[in-house]
Amino acid sequence: MPSAARPARSAAPASRPKGAGQWALGYTEPLNANEQMKKDQGGLEVRERILNVYPKTGFDSIDPQDLRGRFRWWGLYTQRRPGISGGRTAVLEPEELDDSYFMQRIRLDGGRMSADQLRVIANISTRYGRDVADVTDRQNIQLHWIRIEDVPAIWGALEGAGMTTAESCGDTPRVILGCPLAGVDGDEVIDGTTVIDEIVERFIGDPTLANLPRKFKTAISGCADHCAMHEINDISFVGVVHPELGPGYDLWVGGGLSTNPMLAVRLGTFVPPERVAEVWHGVARLFRDYGYRRLRTRARLKFLVADMGAEWVRATLEKEYLTAALPDGPPPAPPRNEGRDHVGVHRQRDGRNAVGFAPRAGRLTGTILRTVADLADRHGAGRIRATTTQKLVILDVPDAQVDPLEAALAELDLVVNPSVFRRGTMACTGIEFCKLAIVETKANARDLITELERRLPGFDEPIGIHINGCPNACARFQVADIGLKGSLVPDSTGEMVEGFQVHLGGHLGTHSRLGRKSRGLKVTADGLLDYVTGLLSTYQAERDDSESFADWAQRADESALTGGGS
């Protein structure tokens, strides 16, 4: 293998792990409650009960295995019961945390929507979901306050408009990330739209892939900015140009965050566009067959890759799952920009413009989404995209329509040229709706943006502030400049209150790395504004010329990172 194609993580395993529940090694009996639930009945098979039984018999009649298990295969999670503090998250039984309402996740592969589809989502939000809608960092849209009685009508509306909720959660192939500017960005290496569509058409809903050890996250993109976050997905196809074979993809596997963050590794292969679906299917089946099923905390692909090594993964993939070996290939070029949000006005290859804009930490309403759909028709060609940073993009805007569109969006508090704080702040669902959360996130993000804009009006360095309600990293706190992991922390009197453990200097890009964590670096929710203000002020005073926050945070003395917060 040429040096340029060697995987980033050393490969040779000491020995193959035994007894971790791998089907390929003969461990086919269920090894935990989740595996038993899936053996009792597949997750996809709950659809008929969701449509024809539970809406008639009501929430209280739902079988617990369906409610907290199989419903996820169709994008439904119970919400957190209001009024339960973060300190009780880990001590209450599931039925004590459950509210009788659901979060409904809508699968949008590549983040793609038409204006008509967005209107359907908007109408569902306003009619059934109390006018709440969240754009996620995986290009989905999530609705809240959904009643089981309304799900048949909601699914009917979505599916009638060409959308689905299938496998948007559960131990399945989740939504496929793609560049929101795919097919229109003149600098892209390759347009991944066709291969995303092929995989979705052939394999999403396939019962043979609906019982994976855990979730399976995919990114496919030729974006020059690497906006699909290939470093932190289970499998990623990154656009490259092979010197002899032309445009195609570099294959990465084994990325993931949560409580054991790991960056993905290259397998050193070149994947021609016509083989992407085959290779994706091969890796998915390899994960299904060799992935660990004894402990769910070790059931992600990243643990198998870490234990067995990239060379074993490539050899096993080629020998057992592909029709032919893959050629060696070059690594991707460095990202065009370190920022990956596609916010602002960007020239398309056809001379029109893509206009990206920033809600506040992804929180919107159905009412606003309906207006966005109208604006996409009025000023563009009715094409809208979600990004991997909780933002939205309207495509195909002529030059003469850019300023009117920007003004109309501003009236909705959707900003095309946002402050660095609004642009770089993300937040997960948090304690408002999530049963795993310990702290509030969306409100903290909103207040943080507003106050930082007031306190530091001249701060113009790009800064990523990611606010997570628990350790599960839905907002990617480990790879943010300032990552905030929700937890209970002591206040000045020693009382345990809502707060955050701080991670600093994480980054995805030219020098990808996980953030720096100091066990003692914690801040209360009430002290968060003062802490971040002080930290950024210290960075401004101490940084070298043109030094990014992430680079400074990695080298700074620990005393400088306290920021003056409580």
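Position 1 is the first residue of the sequence, and the numbers go up from there. Worth knowing before you read on, the calculation uses all heavy atoms, side chains too, and leaves out hydrogens, waters and symmetry mates.
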Asks: Examine distances only and state if a side-chain atom of Gln79 and a backbone atom of Phe433 form a donor-acceptor pair shorter than 3.5 Å.
Replies: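 Pair absent, no side-chain N/O of Gln79 close to backbone of Phe433.
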Asks: Would Asp491 and Lys522 pass as an ion pair if we require N to O under 4.0 Å?
Replies: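 No, no charged N to carboxylate O under 4.0 Å.
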Asks: May I ask you to say whether Arg81 pairs ionically with Asp98, meaning some side-chain N is under 4.0 Å from a carboxylate O?
Replies: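 Not counted as a salt bridge, because no side-chain N and carboxylate O are separated by less than 4.0 Å.
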Asks: Hey, would you say the Phe421 and Phe459 ring centroids sit under 6.0 Å apart?
Replies: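 Yes; Phe459 has its ring centre under 6.0 Å from that of Phe421.
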Asks: Begin from the C-alpha positions of Phe303 and Tyr292 and carry the test ring-ring contact (aromatic ring centres under 6.0 Å, His included) through to its verdict.
Replies: CA-CA 8 Å; Phe303 293 103; Tyr292 306 153; 7.5 Å; no
Asks: Less than 4.0 angstrom from a charged side-chain N to a carboxylate O is my criterion; do Arg363 and Asp134 meet it?
Replies: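 Salt bridge between Arg363 and Asp134, a charged N being under 4.0 Å from a carboxylate O: yes.
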Asks: List the steps and the verdict of side chain to side chain contact (heavy atoms under 4.5 Å, CB included) for Arg516 and Glu558.
Replies: CA-CA 10 Å; Arg516 173 180 176 181; Glu558 192 159 310; 3.8 Å; yes
Asks: Keeping the roles fixed (side chain from Gln104, backbone from Leu143), state whether a donor-acceptor pair exists under 3.5 Å.
Replies: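 Not at all, since once roles are kept as given, no pair shorter than 3.5 Å links the two residues.
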Asks: I'd like to know if the side chain of Trp74 reaches the main chain of Leu44, judged simply by a donor and an acceptor atom lying under 3.5 Å from each other, with no hydrogens or angles considered.
Replies: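 Answer holds: yes.
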Asks: Step by step, work out the side chain to side chain contact (heavy atoms under 4.5 Å, CB included) result for Ile482 and Phe477.
Replies: CA-CA 7 Å; Ile482 302 174; Phe477 67 88; over 6 Å; no
Asks: Compute the centroid of each ring, for His511 and then for His507, and state whether the two points are separated by less than 6.0 Å.
Replies: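 Not close enough - the centres of the two rings lie 6.0 Å or further apart.
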Asks: Below 4.5 Å, heavy atoms only, C-beta onward: do Leu76 and Met103 meet side chain to side chain?
Replies: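 When only atoms from C-beta onward are counted, Met103 and Leu76 do not touch, as no gap falls below 4.5 Å.
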Asks: Before accepting this row, confirm whether a basic side-chain N of the pair Arg543/Glu461 lies closer than 4.0 Å to the acidic partner's carboxylate O.
Replies: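 Result for this pair is yes, salt bridge flagged.
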Asks: Is any side-chain N of the basic residue among Asp234 and Lys215 closer than 4.0 Å to the acidic one's carboxylate O?
Replies: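 Here Asp234 does not pair with Lys215 in a salt bridge, since their nearest N and O are not under 4.0 Å apart.
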Asks: Taking all non-hydrogen atoms of both residues, which atom of Asp109 and which atom of Ile196 are closest, and how far apart?
Replies: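 Minimum heavy-atom contact is CB-CG2, 4.0 Å.
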Asks: Any salt bridge linking Arg340 with Glu231? Criterion: basic side-chain nitrogen under 4.0 Å from a carboxylate oxygen.
Replies: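 Here Arg340 pairs with Glu231 in a salt bridge, since their nearest N and O are under 4.0 Å apart.
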Asks: Would you kindly say whether Asp63 and Tyr54 are connected by a side-chain donor-acceptor distance under 3.5 Å?
Replies: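 No, no side-chain donor-acceptor contact under 3.5 Å.
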Asks: Are Arg130 and Trp145 in a cation-pi contact, defined as NZ or CZ under 6.0 Å from the six-membered ring centre and within 45° of the axis?
Replies: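 Relative to the ring axis of Trp145, which defines the angle, Arg130 lies inside both limits.
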Asks: Taking the basic N atoms (NZ, or NE/NH1/NH2) and the acidic carboxylate oxygens, is any pair closer than 4.0 Å for Asp447 and Arg360?
Replies: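 Between Arg360 and Asp447 there is no salt bridge, as every charged N stays at least 4.0 Å from the carboxylate O atoms.
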Asks: Please say whether the positively charged group of Arg80, taken as NZ for Lys or CZ for Arg, lies over the ring of Tyr101, i.e. under 6.0 angstrom from the six-membered ring centre and within 45 degrees of the axis.
Replies: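 Not satisfied by the 6.0 Å and 45° rule.
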Asks: Test your reading of the model: is there a side-chain donor-acceptor pair from Gln142 to the backbone of Ile106, 3.5 Å cut-off?
Replies: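 No; zero donor-acceptor contacts below 3.5 Å.
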